[in-house]
Amino acid sequence: LIFPISLKSKPFNLQWHLEHSDLFDFCKSWFDNYKLPHPLLAHFCIINQKQIFMSNSKVALVTGGSRGLGKDMAIQLAKKTFDVVITYHSKKDEALKVVTEIENLGQKALAIQLDVANTSSFNTFIQTLSDQLSEKFQADQINSLVNNAGVGVYAPVANTTEDQFDNMVNIHLKAPFFLSQKLLPLIADGGSIVNISSGLTRFSYNGYASYAIMKAAIESFSRYLALELGARKIRVNTVAPGAIETDFGGGAVRDNKDLN
């Protein structure tokens, strides 16, 4: 009832006020422009407070953000004014330290436990994420997803067990595929997805076959996902780093001088 009557009398730049005003100023400007009765104004502002502030949050989700590259990605995103949600498998204390570091940069942050190898837990995770987006970030969507969580396995083809292989499938292939799938309703149009691959898809190194072929599959997945999400203007890219001195793979590159 408000819009058809009031918009006939005086134009009002709603988007400008959403971007430049807090709730009080927004409501005051609305009243000054449209002379709404005070009770109606108060009701409008109260019921729309959540929607008004949900328009400005820019949120990134980084899986495996408690250590290594994931941690650095989360911090760099915060430096670029993203609020950041990270997931962790078991290192809660380390994840909370990352949250504190991001908050010290002036951004909001949250850590949520997630075992990416267990796809049956994804629905519960996404419900928790959705609830926290609303409560902590005043948002109803994320703008960026970084599929980073992972572990390595070092074994030649002749010695790789089926359990090791299945673990690589679950963590490095099924997880990015089905987590991305289930998060599609929560990713804003015009957003982005980054899938972390590996330099091992471009060159071969003894003992990394089962890990590397999963990353090769992820690169193919990125191309197909980009094709399917193009209509929503969601960019999908792969980042395939080479060897970096982190604690990945037990810190082999960092701690083993010969391998380094």
Side-chain angles (χ1 to χ4, degrees), residues 18-19 22-23 45-150 171 174-196 225 229 232 234-236:
L18 290 178
E19 293 176 353
D22 62 20
L23 181 60
C45 290
I46 290 170
I47 65 174
N48 287 281
Q49 180 177 5
K50 183 177 179 181
Q51 284 78 5
I52 289 169
F53 285 109
M54 276 189 171
S55 63
N56 292 328
S57 297
K58 187 168 60 171
V59 183
L61 169 61
V62 181
T63 65
S66 65
R67 62 177 181 84
L69 293 183
K71 172 185 176 180
D72 193 64
M73 292 172 198
I75 292 169
Q76 296 304 320
L77 283 164
K79 290 179 179 179
K80 294 182 180 293
T81 72
F82 276 84
D83 294 331
V84 184
V85 180
I86 64 170
T87 74
Y88 65 94
H89 179 228
S90 58
K91 299 180 182 297
K92 182 177 181 179
D93 290 342
E94 292 187 20
L96 293 178
K97 290 178 182 178
V98 177
V99 168
T100 299
E101 191 166 347
I102 292 171
E103 290 175 340
N104 288 340
L105 292 171
Q107 299 303 127
K108 297 178 182 178
L110 176 70
I112 304 176
Q113 195 279 331
L114 175 66
D115 179 3
V116 296
N118 181 13
T119 55
S120 65
S121 69
F122 286 1
N123 287 338
T124 299
F125 166 75
I126 289 171
Q127 184 59 58
T128 300
L129 173 64
S130 182
D131 292 343
Q132 289 298 315
L133 284 174
S134 176
E135 294 174 15
K136 186 175 180 67
F137 298 92
Q138 291 76 54
D140 56 4
Q141 291 183 305
I142 62 173
N143 301 87
S144 298
L145 166 64
V146 182
N147 284 310
N148 165 73
I171 292 173
K174 283 185 68 176
F177 187 100
F178 287 104
L179 188 60
S180 298
Q181 177 195 76
K182 291 179 179 295
L183 282 169
L184 288 179
L186 282 181
I187 299 176
D189 290 353
S192 62
I193 298 174
V194 174
N195 294 317
I196 303 303
L225 192 59
L229 299 182
R232 293 179 55 189
I234 295 176
R235 294 176 290 105
V236 184

Check the pair M73 / I196 against side-chain contact (heavy atoms from CB on, under 4.5 Å), numbers first and verdict last.
CA-CA 11 Å; M73 292 172 198; I196 303 303; 3.6 Å; yes
Between I142 and V85, is the side-chain contact (heavy atoms from CB on, under 4.5 Å) condition met? List the steps.
CA-CA 9 Å; I142 62 173; V85 180; 5.8 Å; no
Kindly compute the distance separating [atom1] ([X]) from [atom2] ([Y]), expressed to the nearest 0.5 Å.
X    : Y    : atom1 : atom2 : value
T119 : Q181 : OG1   : CD    : 10.0 Å
L77  : I86  : CG    : CD1   : 11.5 Å
K108 : E103 : NZ    : CD    : 10.5 Å
Q76  : I102 : CD    : CD1   : 10.5 Å
T63  : H89  : OG1   : NE2   : 12.5 Å
R67  : N148 : CZ    : CG    : 8.5 Å

Taking all heavy atoms of [X] and all of [Y], pick out the closest pair and write down the distance.
X    : Y    : value
V62  : G70  : CG1-O, 3.8 Å
K58  : N143 : CA-OD1, 3.1 Å
A149 : V116 : CB-CG1, 4.0 Å
G64  : T87  : N-OG1, 2.9 Å
V84  : F137 : O-CZ, 4.0 Å
F122 : L179 : CE2-N, 3.6 Å

Indicate yes or no: at least one non-hydrogen side-chain atom of K71 is less than 4.5 angstrom from one of E101.
yes
Within a strict 4.5 Å, meaning less than it, do heavy atoms of the L129 and L183 side chains meet?
yes
Just by distance, no angles: are the side chains of S192 and S144 close enough, under 3.5 Å, to form a donor-acceptor pair?
yes
Between N123 and Q127, a side-chain donor and acceptor under 3.5 Å
no
Over 12 foreign heavy atoms within 6.0 Å of CZ, R232:
yes
Looking only at atom types and distance, does a side-chain atom of [X] sit under 3.5 Å from a main-chain N or O of [Y], one as donor and one as acceptor?
X    : Y    : answer
T100 : L96  : yes
N195 : N147 : no
T128 : T124 : yes
D83  : Q107 : no

Quick one: do I187 and L229 satisfy side-chain contact (heavy atoms from CB on, under 4.5 Å)? Show the steps, please.
CA-CA 11 Å; I187 299 176; L229 299 182; 6.0 Å; no
K97 and K91: CA distance, side-chain angles, deciding distance, side-chain contact (heavy atoms from CB on, under 4.5 Å) verdict
CA-CA 10 Å; K97 290 178 182 178; K91 299 180 182 297; over 6 Å; no
